[in-house]
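Before any comments, here is the structure.
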Number of protein chains: 2
Amino acid sequence: MRYFQRTFHKMPKLEIPRKAVYRLSLYYRALQRLKGNAVETVSSAALAKVAGVKPTQLRKDLAYFGQLGTRGLGYSVAHLAQTLREALGTARLQPVILIGVGHLGSALVRYRGFEKEGFEIVAGFDADAESIRRDELGLPVLPMTQLRSFIQDRQVKLAILTLPVTVAQEVTNSLVENGIQAILNFAPTVLQVPDGVVVNNVDLAIELENLSYFIR
Amino acid sequence: MRYFQRTFHKMPKLEIPRKAVYRLSLYYRALQRLKGNAVETVSSAALAKVAGVKPTQLRKDLAYFGQLGTRGLGYSVAHLAQTLREALGTARLQPVILIGVGHLGSALVRYRGFEKEGFEIVAGFDADAESIRRDELGLPVLPMTQLRSFIQDRQVKLAILTLPVTVAQEVTNSLVENGIQAILNFAPTVLQVPDGVVVNNVDLAIELENLSYFIR
DNA sequence: CTGTGTGAAGGCTTTCACAGCC
DNA sequence: GGCTGTGAAAGCCTTCACACAG
């Protein structure tokens, strides 16, 4: 996971703490639920409780985007949700490609939980593309040779990596060369990428080891 | 993810920073690779590079466990690996249960990357246990009614949750009641647990949203 | 001379306390 | 009175600088 300085066209005046961005997603989720229950305004205390954080922290996080609440009243659920959507860049559907269509990759494709959050997996890539039953997935599965043209034609910026460690770095280099700017990496290895490319790691063994440490 | 105070029987004198524990896993992985290449000693600079951290940070992290290195020389690969194994509690194989044997759950079972890290998924549980083709998984899949006896008989402390949001909290309560101490949660919701129970969340939509934020 | 161990400094994040607005 | 917005304080983690051991 990396963090870097940027000039934003409009959004925040100050640079937002890295961890705060994660929390924005939690707030957004909580707001969706409130919206479903036809709630119109919510206090920082109530929203923070659902998101599992302290009220002051929530207010600090939101303050990066200006004065969003009304004193004495709280936040407008609809307005705040919209602001967060735009801040997170999920106001428009983002195309994502998935590299490595094995067990885990296939499960992620079928998971479908991404779409309502603003992401669409538009294609899978695999070294052995021929052998994959693509109709079961409802997704085109292409050979790696088509990576370059696909990324460039479709202007894809986001990739999910569900590959064996042995080829992860090599494929990453190729992704970066072709214009991918952000990678969600499931391979249990530290990827080397140039500045300006962001990697988030999801490492299941590390999560288990971490839990294991705290059990006694 | 939660953090809490504990009295440890032996390990560290001081409390280890929460994030440092994650890095211990990275170091351990890197050491395994060095071991494979028959490397006997390694400097903090070399090990840190592979793990993607700064040498001073690595030394600070390791210092929590006492004087592990030799000045002027570095660390013994074998000895350090063993120390980390014990610290992380993966020196012995830990039994893990998986709750919710859908697409994602099945993919995790088949993934098998856990075993060499010291974890064994010993059973799956599902509300609809009957309908799951258990021979393809090579894993017993049991109905939820057997949760209690299984956890208690096998002394299971770790659970992986791959369930829909709607039932996640309810099942969590049941797990905690029956003695589960740590949960790796894939459901996109904030679980409420009592003190003494640790939850690590793996939330794919949040990871994507986070990446999306940093793309411009 | 090499490379670890560590107090001290620095930087980042969270929490507090309360001013300010509805 | 209720609840947000925010400077200041506290807490936590990382990095530095260097003493010290081999």
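In what follows, every heavy atom counts, from backbone to side chain, and hydrogens, waters and symmetry copies are set aside. Chain letters run A, B, ... following the sequence lines, proteins first and then strands; every chain starts at 1.
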Nucleotide N/O to protein N/O under 3.5 Å, stretch nucleotides 19-22 of chain C:
| from | atom 1 | to | atom 2 | distance (Å) |
| --- | --- | --- | --- | --- |
| C/dG20 | N3 | A/Arg71 | NH1 | 3.0 |
| C/dC22 | O4' | A/Arg71 | O | 3.2 |

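Between A/Asp203 and B/Arg29 a salt bridge is recorded (basic side-chain N to carboxylate O distance below 4.0 Å).
A/Ser212 and B/Gln94 share a donor-acceptor pair across their side chains, judged by distance under 3.5 Å alone. Counting only N and O atoms by type, the side chains of A/Asn200 and A/Tyr22 include a donor and acceptor under 3.5 Å apart.
When each of B/Glu177, B/Glu170, B/Gln169 is tested with B/Asn173 by the rule side chain to side chain donor-acceptor pair (under 3.5 Å), just one qualifies, namely B/Gln169.
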side-chain contact (heavy atoms from CB on, under 4.5 Å) between B/Phe114 and A/Leu208: does it pass, once the steps are laid out? CA-CA 9 Å; B/Phe114 304 125; A/Leu208 282 179; 3.7 Å; yes

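At least one side-chain heavy atom of A/Thr90 sits under 4.5 Å from a side-chain heavy atom of A/Phe119. Residues A/Pro194 and A/Val176 have side chains in contact (heavy-atom distance under 4.5 Å, counting atoms from C-beta outward).
Other residues, nucleotides and ligands contribute over 12 non-hydrogen atoms within 6.0 Å of the CD atom of B/Gln152.
Proximity of A/Arg23 to the phosphate of C/dT13: no side-chain N or O atom is located under 4.0 Å from OP1 or OP2. For B/Ser44, no side-chain nitrogen or oxygen approaches OP1 or OP2 of C/dG3 to under 4.0 Å.
Taking atom OH of A/Tyr22 as the reference point, atom C1' of C/dT14 lies 19 Å away to the nearest angstrom. Distance A/Arg59 CZ to D/dG5 P: 8 Å, rounded to the nearest Å. Distance, B/Asp61 CG to D/dC13 C1': 10 Å, rounded to whole Å. Spacing between atom OH of A/Tyr64 and atom P of D/dG5 amounts to 14 Å, rounded to whole angstrom units. Whole-Å rounding puts the A/Lys19 NZ to C/dT15 C1' distance at 14 Å. One atom, CG of B/Leu80, and another, C1' of C/dT4, lie 13 Å apart when rounded to the nearest Å. Note: CD1 (B/Ile16) to P (D/dT14) measures 12 Å, nearest angstrom. In this structure, A/Leu58 places its CG atom 12 Å from P of C/dT15, rounding to the nearest Å.
Picking from D/dT15, D/dG7, D/dT4 the nucleotide with the shortest atom distance to the side chain of A/Lys60 gives D/dG7. Taking only side-chain atoms of B/Gln67, from C-beta outward, the nucleotide of C/dG5, C/dA8, D/dT4 with the closest atom is C/dG5.
No engagement by A/Leu62 is indicated, since no non-hydrogen atom pair under 4.0 Å with the nucleic acid exists.
The stretch residues 28-42 of chain A has no heavy atom under 4.0 angstrom from DNA chain D at all.
Not a single donor-acceptor pair, N or O on each side, falls under 3.5 Å between the base of C/dT14 and the side chain of A/Lys54.
Closest approach of B/Leu104 to A/Ala107, counting heavy atoms only: CA-CB, 4.0 Å.
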